[in-house]
Visitor: 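Attaching a single structure in structure tokens format; questions to follow.
In the text below, chain A, chain B and the rest are named by the order of the sequence lines, each starting its count at 1.
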Amino acid sequence: MREATRDPTWLSAGLIGLAVLIALVVLVLPLAAVFTEALRRGWEPAWEAITDPDAISAMYLTLLVAAIAVPVNTIGGIAGAWAVARCDFPGRRLLVTLIELPFSVSPVISGLVYVLLFGAQGYFGPWLQAHDIQILFALPGLVLATIFVTFPFVARTLIPLMQEQGQAEEEAALTLGANTAQILWHVTLPKIRWALLAGILLCNARAMGEFGAVAVVSGHIRGETNTMPLHVEILYNEYQFVGAFAVAALLALLGLVTLGAKTALELLSRQRMGGHA
Amino acid sequence: MSVRIAGVSRRFSGQAALDDVSLEVATGEFAALLGPSGSGKTTLLRVLAGLDFPDDGRIEIAGTDMARVPARERQVGVVFQHYALFRHMSVAENVAFGLKVRPRARRPDSAEINRRVRELLELVQIPELAARFPDQCSGGQRQRIALARALAIEPRLLLLDEPFAALDAVVRKEVRRWVRGLHDRLGITTILVTHDQEEALELADRVAVLERGRLAQFAAPATLLAEPATAFVAGFIGEACAIPARILHGRLDSPIPGLSTPAGWHDGAVRLFLRPHELLAEAGDGPALVRMIHPSLGAATRVVLELDGHTLEATVPPGAAVPERGGRAAIRASGAIAFAEDGMRARLVAGNLPAHASAP
Amino acid sequence: MSTAPLLRRPFLRRQALPGRGLALGVTLMWLGGFILIPLAALALRPWEKGLPAIWEVLTEPRVLAGFRLSFGASALAALIAAPLGLLLAWVITRYRFPGRRSLDALIDLPFALPTAVAGLAMTAIFANNGWVGSLLEGWFGWKIAFTPAGVVVALVFVSLPFIARTVEPVLRDLPREAEEAAATLGATRLQTIRRVVLPALLPALITGFGLGFARAVGEYGSVIFIAGNMPMVSEILPLLIVVKLEQFDYAGAAAIGLAMLLAAFLILLALNLLQHGLRRGRP
């Protein structure tokens, strides 16, 4: 750092100390609390809570919901990013705004809109009932609410990157005779793979951890429509604190792994960038 | 293959990037599109490659209308400005790409592809780089890779978009000559886009000068220098000083003495373009002020003069007295090109003989 | 190509790169089916009983209290998070110290941690027998968990990364020359920071504040555990939507949801205008 803009040592040390303190209190302390509370009575009760059949079925459901919602938003996100960054049509800015819209909508509203559509008194409710199709309080509802909440993640990571990268390589491939699928598979996807992976990871973390939207559409049917975050709430409301915190700890680990992987991916892609003159 | 561009226009949100451009490039010719930035030269190249589409006009390659032929079926090789190499593929994979993406029926087997890639890399003299990645290659090497990749599809037409801009000055000259040599060996019709006139004049058989989307002149380099069609070409190609003058009562009224009056021109403003070798200076009591002197060995001495607020470059003829910096100099012109406001053009010669006037 | 029918429309120019029709088709189906149609239901539903019914729902004392709490606590939380986020962004962009990268990664923790987990953790810490809650109650007699103060605490956690991550890139790109110039003109370091650096950061800070605020208004998972959810005291708006739904009052729930979205939108718009004004005010 150059002399003229160097902060006095007392200032920089003080600010660093303060920042670390804030990070510890605001960010690390909650994390530590989850694990401490989970292991308050040792490993055994925590393990029992996690391996409880209801917990297992919640895990299974969480994985299943993510396994559907994440690919939907990945494919949609790639198509959206391609449309915004590689295509010429009026209203591109509007499209970006609409794609990012779900981020500024409360998770509860994300669930609510599907209740308004598919609930017993929803627009399609009577028709669904007549045909004996269950969307709300069942897997489809959970998936829909999760898709809504995690909608922008992939597209939002890809759009700025693809705009910055430009389309010269795609055009080169085109003049060399490649077709749409070949351009996408051999040129575009390799160019964006790290960002795509990071976007999918974040999308997945949110899909597995989503609470509000899913709470609205789930109906809290134990062993059937309970995802892990909902299971945490049920256990907590039943004063099974160790169990609640044990399942929460598992979810926290998911968040930590996502964070670590995302940081690693960023380092990786930055190194790739740095190698390019 | 021959290329015919007929009345091509392209507008970007109302502004014309190409305005009724027509030109024909013969089979095996090396042509250059030359112009300042924003002159439309890259747009024209993209239209030829099928990466952009004209609002009006026709593009024909080898006599076939290209309007409905998409870029990937045109067999036009493009070397992009920053090469647009695939960074995640090795050099060999880059070169092989155009062969590997062919429909199965026309795709050579992998042994044949490998053989062709080796051949192409030898042609561009970088066989040792096959396994490397683009990021591990120098600028000059990347350019060769891009060229090999474009040649792999056996192009009917080769388009080079500012291919030397990313190279440093020393490498640039060498690579330029090598590219021209390669063209002469392969005989592929080639169109080069550049803003560097030295590059265009040295490399191309004919140069198309573009000015704000319009074709100003398409001619051999020597013709551009000797017979510029418009004032823009006269000022843009080669070194020249522009001097405003006028025709008054049928005679040329110019701050520089010694030029003939163009025959048949009406009274009015004209612009004179003088190459440094056409303006002769000598120490003495003249109207010009000497600002700078470029001493030289062998060649004639060049001086920078100031006259009526204009900066001029002039030559001191051999044997004449070289003026001093800050001193005064006498000047006379040995020739010039004049453009009238209505587009009339005339080559002026020394003396007061009337010159032959011609329409642009 | 699937673009063929689109090409004939005058507003879509022919383009060389393929896949526009496919990409646009997939995108519009994805966007329309999962986002726009459901949101249209939200926009339509409240009106079925007419404006007076909407007014009645929105002016219920319990709902009004919810509005006050949700928007008040969110604004307060974003105000508290702004200097904290600025500090974190400043430290990770300006100083080199061991653990900087971990601190950098940690800032994203609220993004990655499931909201229910965060809520549970906050409750555990700030309850009167928790690590921080017991201290605060012992020293100052403050109660955090199960009060509106708990809501603010949870929302600070939620909005912090928005502010830090919006300010960070601007701080990184801030030209050092301006600071050096200020130094050569005789400004002390603190004067430089106050008069040169902070004004340059203000637009980003406002954007970050807006993003954090918007997220806080809608937040549910991390708040309901710590809030205690007492009617008229610590009930946030999203919770009131859930309550209405449990009473099968769809129109009421939709009315609250729509009003919440509109109010948040208006506040973001105002912040945007303010920020534009600031940008234009500077050369």
Visitor: Do you know the tightest heavy-atom contact between A121(C) and V34(A)?
Guide: CB-CG2, 3.4 Å
Visitor: Go through the atoms of T36(A) and report whether side chain, backbone, both or neither lie under 4.5 Å from a heavy atom of chain C.
Guide: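 For T36(A), the side chain is the part near chain C, not the backbone.
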Visitor: When rounded to the nearest 0.5 angstrom, what is the spacing between CG in L39(C) and CG in L98(A)?
Guide: 9.5 Å
Visitor: Under a 4.5 Å cutoff for heavy-atom pairs, which residue among A41(C), G119(C), S222(C) has the most contacts with chain A?
Guide: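 So the answer, after comparing A41(C), G119(C), S222(C), is A41(C).
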Visitor: May I ask you to check if R206(A) and F111(C) form a cation-pi contact, with NZ or CZ under 6.0 angstrom from the six-membered ring centre and within 45° of the axis?
Guide: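 Relative to the ring axis of F111(C), which defines the angle, R206(A) lies outside at least one limit.
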Visitor: Would you mind checking which part of A249(A) comes under 4.5 Å of any heavy atom in chain C, side chain (CB onward), backbone (N, CA, C, O), both or neither?
Guide: neither
Visitor: Please round to the nearest 0.5 Å and tell me the distance separating atom CZ of F151(A) and atom CD1 of I35(C).
Guide: 4.5 Å
Visitor: What is the minimum heavy-atom distance between A205(A) and A112(C), and which atoms define it?
Guide: CB-O, 4.5 Å
Visitor: Just so I understand: if I count every heavy-atom pair under 4.5 Å between each of G99(C), G130(C), A16(C), P38(C) and chain A, which residue has the most?
Guide: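 Winner by heavy-atom pair count: P38(C).
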Visitor: Quick one: salt bridge (Lys or Arg N to Asp or Glu O under 4.0 Å) partners of E170(A), sequence neighbours excluded?
Guide: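 E170(A) satisfies salt bridge (Lys or Arg N to Asp or Glu O under 4.0 Å) with R86(A), K191(A) once adjacent residues are dropped.
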Visitor: Could you tell me whether the side chain of L24(C) reaches within less than 4.5 Å of the side chain of C87(A), counting heavy atoms only?
Guide: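 The answer is no; the side chains never approach within 4.5 Å.
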Visitor: Give the member of L245(C), L268(C), T115(C) that has the highest number of heavy-atom pairs under 4.5 Å with chain A.
Guide: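 Result: the option with the highest number of such pairs is L245(C).
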Visitor: Within a strict 4.5 Å, meaning less than it, do heavy atoms of the P110(C) and V26(A) side chains meet?
Guide: no
Visitor: Quick check for you: to the nearest 0.5 Å, what is the distance between L106(C) atom CG and L27(A) atom CG?
Guide: 5.0 Å
Visitor: Within this structure, what is the CZ-CD1 distance for the pair R100(C) and I16(A), rounded to the nearest 0.5 Å?
Guide: 10.5 Å
Visitor: Could you check if a side-chain atom of L42(C) sits within less than 4.5 angstrom of a side-chain atom of L112(A), using non-hydrogen atoms only?
Guide: yes
Visitor: Heavy atoms only: give me the nearest L88(C)-A19(A) pair and the separation to one decimal.
Guide: CD2-O, 3.6 Å
Visitor: For E37(A) versus A124(C), what's the shortest heavy-atom pair and its separation?
Guide: CG-CB, 4.1 Å
Visitor: Considering only heavy atoms and a distance below 4.5 Å, find which of G209(A), A32(A), S106(A) pairs most often with chain C.
Guide: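 Result: the option with the highest number of such pairs is S106(A).
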Visitor: What's the separation between atom CG in L251(A) and atom CG in L113(C), rounded to the nearest 0.5 Å?
Guide: 8.5 Å
Visitor: Between the main-chain N or O of F34(C) and the side-chain N or O of Y114(A), is there a donor-acceptor pair closer than 3.5 Å?
Guide: yes
Visitor: For L15(A) and R94(C), what are the C-alpha separation, side-chain angles and deciding distance, and is it a side chain to side chain contact (heavy atoms under 4.5 Å, CB included)?
Guide: CA-CA 11 Å; L15(A) 289 179; R94(C) 288 305 170 100; over 6 Å; no
Visitor: Minimum heavy-atom separation for G19(C) and T180(A), please, with both atom names.
Guide: CA-CG2, 4.0 Å
Visitor: Could you check if a side-chain atom of F103(A) sits within less than 4.5 angstrom of a side-chain atom of R215(C), using non-hydrogen atoms only?
Guide: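 Side-chain contact under 4.5 Å: no.
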Visitor: Can you name the closest pair of heavy atoms from I109(A) and G257(C) and give their distance?
Guide: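 It is CD1-O, 3.5 Å.
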Visitor: For chain C, which of G260(A), G122(A), A215(A) has the most heavy-atom pairs under 4.5 Å?
Guide: G122(A)
Visitor: So, taking the atom named CG in L18(A) and the one named CH2 in W90(C), what distance separates them when rounded to the nearest 0.5 Å?
Guide: 14.0 Å
